[in-house]
Amino acid sequence: MYDAVTNKPFYGRGIGFPNVGKNISEWIAVLERLNQVSPELNVIRVYEPPACALEPEACFTSFMKRADELGIYVLLPGTGTTWGYLPIDAGPAPKGFGGDAQQAYEMGGVLGFGQKMLRYFHFPNTLAIVIGNEFIQHHDMHAFAGVLKAYARDMKSHMRMCNTDKGSLTKGQMRRIPLMYAASDDL
């Protein structure tokens, strides 16, 4: 990656950010402590934002702004931790699920979750939305690689539509947020 202003390489130095509950002040306090302890930190990965982050009052805005002030980019989840997993939700397979990749995409709810993330997190310091986690690590997921590809395609299409459609509230303002996936957490 490169810095768009200086054209110099950007090297991410990051950490996974813990879910510290519903109190956004506590999220900010943890962020500030991390910045004090490790000033070279420039990326955090949020695995599960507080539920209020995906509601109209956008409680997470102050956290994202503080991260930006500290020079910290944020990786956000494009799948949920209790639902929206690829290929389907984390619980038992829904009634009628036969293991088909297209059916997994339709039943998993991932596109709706991703679109919510785009709606509430198009901040300048949103480094990327992580649309899959440990995808290669689990061999049973290989059959669903097409689901991940379709999800990326549909998210890109949604961002393009939000930026160009005359009826869109974000016409001309929707940033094309990069999408990424974590293949494996193995070292």
Side-chain angles (χ1 to χ4, degrees), residues 1-5 7 10 12 14 16-17 19 22 24 27-28 31 42-90 101-133 135 144-183:
M1 294 187 289
Y2 288 87
D3 183 298
V5 176
N7 205 27
F10 171 81
F17 198 87
N19 181 334
K22 297 178 182 179
I24 301 308
W27 282 76
I28 293 171
L31 181 69
N42 61 5
V43 177
I44 59 168
R45 180 168 177 195
V46 174
Y47 286 89
E48 184 179 358
C52 66
L54 299 175
E55 294 174 0
E57 63 269 4
C59 72
F60 214 55
T61 300
S62 57
F63 175 83
M64 293 297 291
K65 286 182 178 181
R66 184 63 182 135
D68 193 30
E69 291 166 359
L70 295 171
I72 298 174
Y73 290 91
V74 183
L75 294 169
L76 294 158
T79 55
T81 56
T82 58
W83 66 276
Y85 276 109
L86 297 172
I88 56 171
D89 68 18
Q102 179 63 30
Q103 190 179 24
Y105 186 59
E106 293 168 2
M107 295 176 83
V110 291
L111 183 58
F113 184 82
Q115 288 174 342
K116 273 188 162 188
M117 293 304 291
L118 290 172
R119 179 177 178 187
Y120 294 109
F121 289 100
H122 59 277
F123 295 96
N125 62 323
T126 298
L127 184 59
I129 293 179
V130 183
I131 61 171
N133 190 46
F135 200 75
F144 295 94
V147 173
L148 183 65
K149 185 177 179 181
Y151 183 32
R153 176 203 63 217
D154 292 347
M155 287 282 283
K156 288 177 184 179
S157 175
H158 184 74
M159 283 186 275
R160 188 171 33 258
M161 183 273 307
C162 288
N163 195 47
T164 60
D165 188 87
K166 65 181 179 184
S168 173
L169 296 175
T170 57
K171 183 178 186 320
Q173 301 171 22
M174 181 67 185
R175 187 175 149 241
R176 295 202 54 199
I177 299 170
L179 305 174
M180 66 177 279
Y181 71 93

Colleague: Restricting to side-chain contact (heavy atoms from CB on, under 4.5 Å), what partner residues turn up for K156, sequence neighbours left out?
Modeller: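 Per chain and number, K156 pairs via side-chain contact (heavy atoms from CB on, under 4.5 Å) with R176, L179.
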Colleague: How many angstroms lie between NZ in K171 and OG1 in T164, if you round to the nearest 0.5 Å?
Modeller: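 So the gap between those two atoms works out to 7.0 Å.
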Colleague: When you look at CZ of R119, are more than 12 heavy atoms from neighbouring residues, nucleotides or ligands closer to it than 6.0 Å?
Modeller: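 No - once you tally the heavy atoms of other residues, nucleotides and ligands closer than 6.0 Å, there are 12 at most.
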Colleague: Which heavy atom of A67 sits nearest to which heavy atom of V74, and what is that distance?
Modeller: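 In terms of heavy atoms, the two residues are closest at CB-CG2, 4.1 Å.
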Colleague: Over all heavy atoms of both residues, which pair between D68 and P124 is shortest? Give the atoms and the distance, please.
Modeller: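 Answer, listing the atom of D68 first, then P124: OD2-CG, 4.3 Å.
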Colleague: Quick one: which of W27, Y120, F17 gives a ring-ring contact (aromatic ring centres under 6.0 Å, His included) with F60?
Modeller: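 Only one of W27, Y120, F17 forms a ring-ring contact (aromatic ring centres under 6.0 Å, His included) with F60, namely W27.
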Colleague: Is it the case that the side chain of R45 and the backbone of V130 share a donor-acceptor pair, with hydrogens and angles ignored and the cut-off at 3.5 Å?
Modeller: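 The answer is no, because no donor-acceptor pair under 3.5 Å joins these two groups.
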Colleague: Write down the atom of F121, the atom of T126, and the distance for their closest heavy-atom approach.
Modeller: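 Minimum heavy-atom separation between F121 and T126: O-OG1, 2.8 Å.
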Colleague: What distance do D165 atom CG and R160 atom CZ have between them, rounded to the nearest 0.5 Å?
Modeller: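 Nearest 0.5 Å value for the CG-CZ distance: 12.5 Å.
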Colleague: As an exercise, state the distance from OG1 of T79 to OH of Y47, rounded to the nearest 0.5 Å.
Modeller: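 Here the rounded value is 10.5 Å.
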Colleague: Count the heavy atoms belonging to other residues, nucleotides or ligands that lie under 6.0 Å from OH of Y73, then report whether that count exceeds 12.
Modeller: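 Counting other residues, nucleotides and ligands, OH of Y73 stays at 12 neighbours or fewer.
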Colleague: Within the side chain of S157, is there an N or O that forms a donor-acceptor pair under 3.5 Å with the backbone of R153?
Modeller: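 Pair absent, no side-chain N/O of S157 close to backbone of R153.
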Colleague: Between N163 (side chain) and Q173 (backbone), is there a donor-acceptor pair under 3.5 Å?
Modeller: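 The answer is yes, because a donor-acceptor pair under 3.5 Å joins these two groups.
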Colleague: Does H158 use its side chain to pair, donor to acceptor, with the backbone of D154 at less than 3.5 Å?
Modeller: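 No, the answer is negative, given that no donor and acceptor are paired below the 3.5 Å cut-off.
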Colleague: Which heavy atom of A53 sits nearest a heavy atom of C59, and at what distance?
Modeller: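 Where A53 meets C59 most closely, the heavy atoms are N-SG, 3.5 Å.
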Colleague: State the CD1-NE2 distance between I177 and H122, to the nearest 0.5 angstrom.
Modeller: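 So the gap between those two atoms works out to 7.5 Å.
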Colleague: What distance separates M117 CE from L54 CG, expressed to the nearest 0.5 Å?
Modeller: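 Those atoms lie 5.5 Å apart.
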Colleague: Check the pair L148 / I131 against side chain to side chain contact (heavy atoms under 4.5 Å, CB included), numbers first and verdict last.
Modeller: CA-CA 7 Å; L148 183 65; I131 61 171; 3.7 Å; yes
Colleague: Locate the shortest heavy-atom distance separating M174 from M159; write the atom from each residue and the value.
Modeller: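 Nearest pair, atom of M174 first, then M159: CG-O, 3.6 Å.
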Colleague: Taking all atoms of both residues into account, what is the closest heavy-atom pair of N125 and I72, and its distance?
Modeller: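 Looking at all heavy atoms of both residues, the shortest contact is ND2-O, 3.1 Å.
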Colleague: Would you compute the distance between atom CG of L70 and atom CG of N42 and round it to the nearest 0.5 angstrom?
Modeller: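 CG of N42 is found 12.0 Å from CG of L70.
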